[in-house]
Amino acid sequence: DVEAGARAPAASLRWQLENTAYPYTIRSAALSARARPGGVTLGRGRIAGLVPGAGVPVDARLVLPAGTVPPRWSLAALRAAGSALVIPGQVEVRLDAQRLELSPAFRARMEALFPGDPLPDIFTPPPGIAAATAVLPLQVRVHYSAAPLAFAAAAAAGLALAALAAAQFYRRPRRVRVTVDGEPRTIHARSGATYPIHDRAGDEVARLETTLFGHRLRVLREGASVLLGP
C-alpha cells in the first residue's frame with residue numbers, strides 16, 4: 001500500500017523462505033531477487049544450513065521507480081478516487097550456486113531402518129540442481145483521495161453553468177434603438193440575427209445585424225436617414 005503523493009513509493013516486504021527439497025539440506029546458496037514493477041533490495045544475500053522443512057525469514061524493500069504511480073490528476077487516478085488503484089506485479093526470488101547435502105536427520109533415520117547398510121546412490125544430491133526460483137505475486141495498491149475527483153466535478157459543473165449562462169445571455173433579446181427619418185424606434189434583437197428596417201412607406205431602407213458583442217447597421221437605400229441610438 002502506497003500513497004499517491006509519495007515521490008519514491010516504497011514498501012517493506014517479509015516472507016519465509018522454506019526448504020522443501022526433502023531430504024536435502026541447503027548447505028549454502030546465494031540469494032537474489034528482482035521485482036516488477038520497481039526494484040527490490042534483500043536484507044540477506046546468502047543462506048546456509050537450511051534443513052528440510054525449516055524456514056528462514058527474508059526481509060526486503062521494494063522501491064517503485066518514478067512514473068509507476070499515475071499522478072493525481074490522471075484519468076486512472078480520477079477513476080480510482082476514494083479507493084485504491086491496483087498495479088499487478090511480481091517478485092522473483094532466486095537461489096544460485098546452490099549446494100545440497102543429505103540432512104543429518106534423514107541419515108539417522110536410514111541408519112535406524114537399515115543398520116550398517118550404505119545409503120544407495122539414488123540419495124546423492126543431483127548435481128544439476130544448482131539453482132531454484134520462486135515467483136511471488138505482488139499487488140501494489142495506490143490510494144487516492146476523493147478531493148481531486150470532487151474538484152474536477154465542481155469544475156465541470158461550473159463550466160456547464162457558465163456555458164448555460166452564456167447561452168441564455170446569447171439568446172436573451174436586447175433592446176436596440178434606431179432612428180428612421182427622425183422617428184425613434186425600439187427593436188428587440190437577438191444575437192446573431194438580422195432585422196429589416198422600413199421607412200414610413202413600408203420600404204426596406206436598412207438592415208440591423210446583431211452579434212454577441214454589438215450591433216451593425218447596413219443602409220440599403222441611398223439618402224435614407226437611419227441612425228443607431230436614441
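We number each residue from 1, following the sequence as shown. Heavy-atom basis, side chains included; hydrogens, waters and symmetry copies ignored.
Here the side chains of L138 and P88 are not in contact, with every heavy-atom distance at 4.5 Å or above. At least one side-chain heavy atom of S12 sits under 4.5 Å from a side-chain heavy atom of R61. Residues L42 and D59 have side chains not in contact (no heavy-atom distance under 4.5 Å, counting atoms from C-beta outward). Inter-residue side-chain proximity for I187 and I197 is flagged as met; some heavy-atom pair is nearer than 4.5 Å. Contact of the L31 side chain with the L17 side chain is registered, since non-hydrogen atoms from C-beta on lie closer than 4.5 Å. Taking 4.5 Å as the limit, every side-chain heavy atom of L102 sits out of range of all side-chain heavy atoms of M110.
A21 approaches N19 most closely through the heavy-atom pair N-OD1, 2.9 Å. Across all their heavy atoms, V40 and A60 have their closest contact at CG2-CB, 3.7 Å. Looking at every heavy atom in both residues, W15 comes nearest to V91 through CH2-CG1, 4.2 Å. The minimum heavy-atom distance between L62 and P37, with the atom names listed, is CD1-O, 3.7 Å. Nearest heavy-atom pair, Q16 versus G55, reported as atom, atom and distance to 0.1 Å: NE2-C, 3.3 Å.
In the hydrophobic clustering of ILVMFWY residues, with side-chain heavy atoms under 4.5 Å counting as a link, V58 and V51 come out apart.
Interatomic distance, CZ of R99 versus OG of S28, reported as 5.0 Å (0.5 Å rounding).
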